[in-house]
J.: 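Handing you this structure, nothing more for now.
This is a predicted model, so every value here is computed, not measured. For the single chain, residues carry numbers from 1 onward in sequence order.
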Amino acid sequence: MPTVSEHTGSMAGQPVFWRSAPAPDGAPSAPVLYVHGVPTSSDDWLPFLERTGGLAPDLPGFGRSGKRGDGRYTLEGYPDWLEAFLDARGIDRVRLVVHDWGAVALVLAQRRPERVERLVVLDAVPLLAGYRWHRLARVWRLPILGEAAMGAVWRPTASLLLREASPAPGPMPGWFIDQVMAHFDIGTQRAILRLYRSAPPRALAAAGAGLGGLDCPALVAWGERDPYIPARVAQAYADALGGDAQVLRLPEAGHWPWIDKPELVDTVAGFLAAS
């Protein structure tokens, strides 16, 4: 099992945190890039990194990376940051795994399809026409009300809000809530609000207009009990992608499907390792 290492650096004068692990013997040469969503960090990807190796940054505004007030925490800004992050590491090609708002990496993939060797999409924000934001996102997109809602989040309310994210009885696991709240400061709250407000439905659809140009092998895996992004989006993503995308719908799994179905880690690892 690869050992996961932690790294810190700087980009454009802002701190950057990422994790990495060596690839197993015999793995393809392109490393796996894992891109997390909201409201989490590279913490999400520890079981995957231990299985496949690769690297997983904390996006600006999240986790241990910088949270400067003038950051470009937007649908347009994050793809630029990811490209700069890869360039700074000297990485030309990746096998890409995205979850939730990690979909920003799909914008970069459309811009530079030659850099993506394989693709895994897990319960990702739909860069597709016809999606309407879930109710909490609609609150966050509203000035003043969104700030008030963010300010009301602390550990008990976070546990309550995230309760629906898994079909399992009771709240999400305590360790998961701890990971979220460890970095859920005013900087992360600001980044979340700015990101959602940068993405009305028409902007999401426009951001995915080039998905058909991605003809690499792709796996789209989805928790059928995801309360935020319905499972039908899995097939819509597969239809939009240019290659022959596989679809895996996971009964009794929610928005973080590998928490409900840990065997998904091995499934993703097997797909990424194929040639």
J.: Could you check whether any side-chain heavy atom of Phe184 comes within less than 4.5 Å of a side-chain heavy atom of Ile192, counting everything from C-beta outward?
T.: yes

J.: Measure the acute angle between the ring planes of Tyr34 and Phe48, then classify it against the limits of 30° and 60° as parallel, tilted or perpendicular.
T.: tilted

J.: Please indicate whether Trp154 has more than 12 foreign heavy atoms, meaning atoms of other residues, nucleotides or ligands, lying under 6.0 Å from its CH2.
T.: no

J.: Compare all side-chain heavy atoms of Asp226 with those of Pro257 and state whether any distance is below 4.5 angstrom.
T.: no

J.: Can you give me the closest heavy-atom contact between Trp101 and Ala199, atom names plus distance?
T.: CH2-CB, 3.6 Å

J.: Could you report the tightest heavy-atom contact between Ala207 and Leu75, atom names first, then the distance?
T.: CB-CD2, 3.9 Å

J.: Please tell me if the side chains of His99 and Asp123 come closer than 4.5 Å, counting only heavy atoms from C-beta onward.
T.: yes

J.: Go through the steps to decide whether Val107 and Leu82 satisfy the test side-chain contact (heavy atoms from CB on, under 4.5 Å), and finish with yes or no.
T.: CA-CA 10 Å; Val107 178; Leu82 283 165; over 6 Å; no

J.: So which pairs with a foot in residues 226-250 pass ring pair (Phe, Tyr, Trp, His ring centres under 6.0 Å), sequence neighbours left out?
T.: His134-Tyr228, Tyr228-His255

J.: For Arg138, look at atom CZ and say whether over 12 heavy atoms of other residues, nucleotides or ligands are found less than 6.0 Å away.
T.: yes

J.: Check Leu86 against Leu108 and note the closest heavy-atom contact, atom names and distance.
T.: CD1-CD2, 4.4 Å

J.: Carefully, step by step, assess Trp45 and Trp258 under the rule ring-ring contact (aromatic ring centres under 6.0 Å, His included).
T.: CA-CA 10 Å; Trp45 302 120; Trp258 61 91; 5.4 Å; yes

J.: When you look at Asp44 and Asp100, which way does the side-chain contact (heavy atoms from CB on, under 4.5 Å) test go after all the steps?
T.: CA-CA 11 Å; Asp44 278 350; Asp100 188 77; over 6 Å; no

J.: What heavy-atom pair brings Val32 and Gly53 nearest, and what distance separates the two atoms?
T.: CB-O, 3.9 Å

J.: So do Leu214 and Leu211 actually touch side chain to side chain, heavy atoms under 4.5 Å?
T.: yes

J.: Answer yes or no: does atom CG of Asp185 have more than 12 heavy-atom neighbours from other residues, nucleotides or ligands under 6.0 Å?
T.: yes

J.: Walk me through it: do Glu224 and Lys261 pass the test salt bridge (Lys or Arg N to Asp or Glu O under 4.0 Å)?
T.: CA-CA 12 Å; Glu224 289 195 344; Lys261 301 290 184 182; over 6 Å; no

J.: For a 4.5 angstrom cut-off between non-hydrogen side-chain atoms, does Pro60 reach Tyr78?
T.: yes

J.: Which heavy-atom pair separates Ser42 from Arg64 by the least distance, and what is that distance?
T.: OG-NH1, 4.4 Å

J.: For the pair Arg197 (side chain) and Leu142 (backbone), establish whether a donor and an acceptor sit closer than 3.5 Å, ignoring hydrogens and angles.
T.: yes

J.: Could you check if a side-chain atom of Asp43 sits within less than 4.5 angstrom of a side-chain atom of Phe176, using non-hydrogen atoms only?
T.: no

J.: Could you check whether any side-chain N or O of Gln14 sits under 3.5 Å from a backbone N or O of Lys67, counting only pairs where one atom can act as donor and the other as acceptor?
T.: yes

J.: Taking all atoms of both residues into account, what is the closest heavy-atom pair of Asp58 and Ser41, and its distance?
T.: OD1-CB, 3.5 Å

J.: Do Trp140 and Met150 touch side chain to side chain, with heavy atoms closer than 4.5 Å?
T.: yes

J.: Indicate yes or no: at least one non-hydrogen side-chain atom of Met181 is less than 4.5 angstrom from one of Ile177.
T.: yes

J.: Step through the shown structure and confirm whether more than 12 heavy atoms of other residues, nucleotides or ligands are within 6.0 Å of CG on Asp70.
T.: yes

J.: Does the ring of Phe271 carry Arg118 above it, NZ/CZ under 6.0 angstrom from centre and within 45° of its axis?
T.: yes

J.: Determine whether Ile91 and Leu55 satisfy the following criterion, side-chain contact (heavy atoms from CB on, under 4.5 Å), listing intermediate values before the conclusion.
T.: CA-CA 11 Å; Ile91 298 171; Leu55 66 164; 3.8 Å; yes

J.: Please lay out, stage by stage, how Gln179 and Thr40 fare under the test side-chain contact (heavy atoms from CB on, under 4.5 Å).
T.: CA-CA 7 Å; Gln179 285 182 355; Thr40 52; over 6 Å; no

J.: Parallel, tilted or perpendicular for Trp81 and Phe85, by the 30°/60° rule?
T.: parallel

J.: So, does Arg95 use its side chain to make a donor-acceptor pair with the main chain of Ala30 at under 3.5 Å?
T.: yes

